[in-house]
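Scroll down for the structure; my scribbles are underneath it.
Throughout, numbering of the chain's residues begins at 1 and tracks the sequence.
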Amino acid sequence: MKLFRLMLLLACLALFKQNVQAQNPISITGTIYDSQTRQALAGVSIKTSDNKLLTLSDKNGYFKIENTTPDQHYKFTLVGFKPQEVDYSKKEGSLNIQLDADESSLNEVRVTGFAGNRTKKETAGSIGMITSADLNRGSGLSFQSALNSIPGVRMDQSTLSEARIAIRGNGVRSSYGLRNIKVYLNDIPITEADGTTRIEALDVNSIGRAEVIKGPASSIYGAGTGGVINFQLQRSPYQEQSLEASGMAGSYGLHRLAATYRNGGDKINSYVSYGWQEYDGYRDHSNDMRRFLSGNFQLFPSDKRIITLLLNRTTQYSQIPGSLTADQVAANPLQANASNLDKQAGRYQTWTRVGLGQQYQINDQLSNSTSVFTYSYDLSHPLPYAYLRNYYQSYGGRTSFTYNPGFSQLPTKFIVGAEFNEGLTKGTQYVNNKGTEGALNGNIDYRNTLYSLFYQSETQLGPKTLLTLGLSYNSLKYDVSNYLVPAQSGIKDFKPQATPRIAISHNFSEALSLHGSVSTGFSPPSSSEVKNVDGSINPTLQAEKAINYEINAKGNLLNSRFSYDLSLFKMDMKGELIGQSVQQGITIYNNSGKTTHNGAELALSWQILKPEDNQEIASLRPFVALTYSAFKFKDYQILDANNAVTASYNGNALTGISPWVISAGLDLETRFGLYGYLNYYYNDKMPLNDKNSDYNAAYQVVGLKAGYKKKLGKAFEVNIYGGIDNLFNESYSSILSLNAIGYGGAQPAYFNPSPKRNGYAGLNLKYFF
């Protein structure tokens, strides 16, 4: 009996203590971030479950809830982001809330472009954005449909082995990879030190967001007249711990399996993904195999510090079918180029990237963001004219300090920083004996070093007017060591470039924000483009230069459901690199041209229905992207090896540019899980050579995807889907070999036929811990 009384007394004491603790007020502190960019979010509303406003986050994303009790439910809301609901059951501690962008209000999403933490509508300049939702509108094998939904951006791809991206015409003339565009992954440059980029190492399914700056952005990002693409790996949704398995199969022997682990906590955010993908290909000799491993880790040691770790390793084994002539396409578009088939042309490569970064709020006025990285790959690359073996190793870093002195008059924020990148390529070249290495005929090392110092200030001229001034100083050097022909060794030290930018923006209302900017940029030739026909370094070759004049109008109408983004621009380029094929496999370059890029871009999006309007339809959104390009050669002469003029194409249309491009779509999502996406893409006819004597015909492509996504209880979520690309079986070539030459009287091989109608289906199963 005494034991029973003692146990009852202890139970009563525990209950009393629990009730007292429940009534004792506590304080909750934390910081609110954009889940993808890690930017602190100011002005976030923190409310109780009954919509009582408790507080707002400050300029550094920090908040404090005082005199509350445990076991409370809080709601975090900010225009442009999806609401985040949090159950707080701790007695004390710190929260690191992460908000996801609302794809229906992209004008209100904070962007990192030009180092600002402002909404897309407030940022001067033309910035496009794609989210994971945009990437999920297709099969997930390519960035093509997502990037092509941004006006002014065009990605060409026919097989998975090659891709080319152009922004406002810059990059379209690249013979391989990406040129004139700076590319980052989690703010770490993946563009090599000589300005070339290959994005095949990126797993589309692991990307959470990408921002695209259109036009020169050298004032803060260094070399690149076309612009900047900043990819962000996915981060785990806040307070989610899950394991997902996915599988997909499709036409032409497509198979993909992947597994993803997500853990979105207050102290650490972990995302790890592994993917295995194989594709037999649409054409002969176009097999493609990929292995993707991505790790993205975010640690929150304090309210003022974020540490990030990036791990990425990709293996690619791709056959290259090569370009065909018009007669060959008409006879059999599935065939491979005879030389590519005979020489077993392909790309066999493994990439490894490691990056470590820190964001630190030193005090209320000063913050720093720093990242360091190392990047390497090994490449085995049989081509019709040679067999290449390269090993590349680079390292570098980027840092920026942001200082806000708190001026009472003309408030100004200052940004200063630097970027460094050094890469060493050890390259050997052999005779290609039907896909095997023959005699050694080249052994060259390239040590390429670049650095950039940049400054930017943002001055509030009035409550709604912002002035931005930027300037960067850039240096690039190539150190070439030719071991077989030592006389061709040497150093190519480019003249340092200073690139200023000025921009002003005024926010009239939610319906209209006007921006004007003048920016400059430069793009030096790559290390493979600085050589003369005999292999020696061309000492006179210099960087292309551009100046861009632009006006933007952005805004939201119809209660913020209809958004628009209009850009009018004029970009003048001089010293443009002009390539001339002197024999198979050898192209020389000269600064011998001026071009004018005048155009208009318009993006429209209309969220017709939202969940609060209809019990069944969660979202109904049509959108359209319209691009008009009037790009001309202004002063364009072809020079021979002795710098003598052999042809003049002044006034011709710029090669590879379509006057009109239209991308449109319709998104439908229901509350009970069904969804459907419709894509439409139109590409006008365009010249295939500088002479404008041959053209690629206009084409239009339609894609469709539908599926069912539903949570089964608390532990499982299923997503089953299927889609059709090229619904109406269009015959077309997306990627083209511009200025191709037919040797011995043969037709030029311009065309890489794209797949005809093809389908895919997949299943994703997610388990929540």
Side-chain angles (χ1 to χ4, degrees), residues 164-167 169-183 189 191-198 216 218 221-227 388 390 392 394 421-425 427 442 444-452 474-482 488-497 499 520-546 573-582 585-595 633 635-641 643 654-656 690 738-739:
R164 183 167 59 203
I165 298 176
I167 301 178
N170 283 275
V172 73
R173 299 162 68 89
S174 173
S175 57
Y176 65 92
L178 275 60
R179 293 281 291 113
N180 296 5
I181 299 170
K182 194 72 173 288
V183 183
T191 297
E192 296 176 21
D194 71 346
T196 60
T197 310
R198 302 200 72 97
S218 297
Y221 293 104
T225 53
L388 307 181
N390 290 346
Y392 179 80
S394 72
N421 190 352
E422 181 168 278
L424 172 63
T425 302
I444 304 176
D445 288 355
Y446 296 91
R447 184 177 296 276
N448 305 326
T449 305
L450 69 85
Y451 70 82
S452 177
N474 309 271
S475 177
L476 174 64
K477 181 177 71 173
Y478 297 153
D479 188 346
V480 182
S481 299
N482 191 325
Q488 293 183 359
S489 300
I491 294 176
K492 176 63 176 177
D493 202 346
F494 291 92
K495 182 180 179 181
Q497 302 287 327
T499 56
T520 58
F522 73 103
S523 289
S526 68
S527 53
S528 64
E529 295 169 340
V530 298
K531 292 185 289 187
N532 289 314
V533 66
D534 63 354
S536 62
I537 297 174
N538 184 345
T540 64
L541 207 60
Q542 292 299 322
E544 300 175 330
K545 297 180 182 179
M573 292 190 63
K574 65 179 182 178
E576 186 157 1
L577 288 174
I578 304 301
Q580 182 182 5
S581 178
V582 294
I586 297 181
T587 301
I588 61 172
Y589 294 84
N590 289 287
N591 295 109
S592 178
K594 293 182 181 179
T595 59
F633 292 115
D635 178 13
Y636 178 22
Q637 298 175 335
I638 296 293
L639 307 179
D640 62 16
N643 287 328
L654 195 63
T655 314
D690 298 338
L738 303 177
N739 287 317

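Of all heavy-atom pairs spanning Glu544 and Met573, the tightest one is OE1-CE, 3.8 Å. Smallest separation of non-hydrogen atoms from Asn538 and Lys492: O-NZ, 3.4 Å. Contact detail for Gly423 and Ser394: the closest heavy-atom pair is CA-CB, 3.7 Å. Looking at every heavy atom in both residues, Ser452 comes nearest to Gly222 through OG-CA, 4.1 Å. The minimum heavy-atom distance linking Arg179 with Ser174 is given by the pair CG-OG, 3.3 Å. Of all heavy-atom pairs between Pro216 and Ala546, the closest is CG-CB, 4.3 Å.
Under the 3.5 Å distance criterion, the side-chain polar atoms of Thr225 are left unmatched by any main-chain donor or acceptor of Ser523. Of the possible polar contacts, none joining the Arg173 side chain to the Thr655 backbone as a donor-acceptor pair under 3.5 Å is found. In this structure a side-chain-to-backbone donor-acceptor pair under 3.5 Å is missing from Asn170 to Ile181. A donor-acceptor contact shorter than 3.5 Å is absent between the side chain of Thr425 and the backbone of Tyr392. Remark: side-chain polar atoms of Lys182 are paired, donor with acceptor, to backbone N or O of Tyr221 under 3.5 angstrom.
A search for ring-ring contact (aromatic ring centres under 6.0 Å, His included) contacts involving Tyr451 returns nothing, not counting sequence neighbours.
Between the CD atom in Gln497 and the OG atom in Ser475 there is a gap of 10.0 Å [rounded to 0.5 Å]. Summarising the geometry, atom OG1 belonging to Thr197 is positioned 7.0 Å from atom CD belonging to Glu192; distances are rounded to the nearest 0.5 Å. Here the straight-line distance linking atom CG of Asp194 with atom CG of Asn421 works out to 9.5 Å at 0.5 Å rounding. Interatomic distance, Tyr446 OH to Asn390 CG, rounded to the nearest 0.5 Å: 9.0 Å. In this structure, Glu422 CD and Leu450 CG are separated by 9.5 Å, a value rounded to the nearest 0.5 Å.
A 4.5 Å side-chain heavy-atom check between Phe633 and Leu654 finds at least one atom pair inside the cut-off. Proximity of Lys477 to Ile491: side-chain heavy atoms (C-beta onward) are separated by under 4.5 Å at one or more points. Side-chain atoms of Pro525 and Val530, non-hydrogen and from C-beta on, do get closer than 4.5 Å to each other.
Checked against Phe522 for a side-chain contact (heavy atoms from CB on, under 4.5 Å), the options Asn474, Asn180, Leu476 give a single hit: Asn474.
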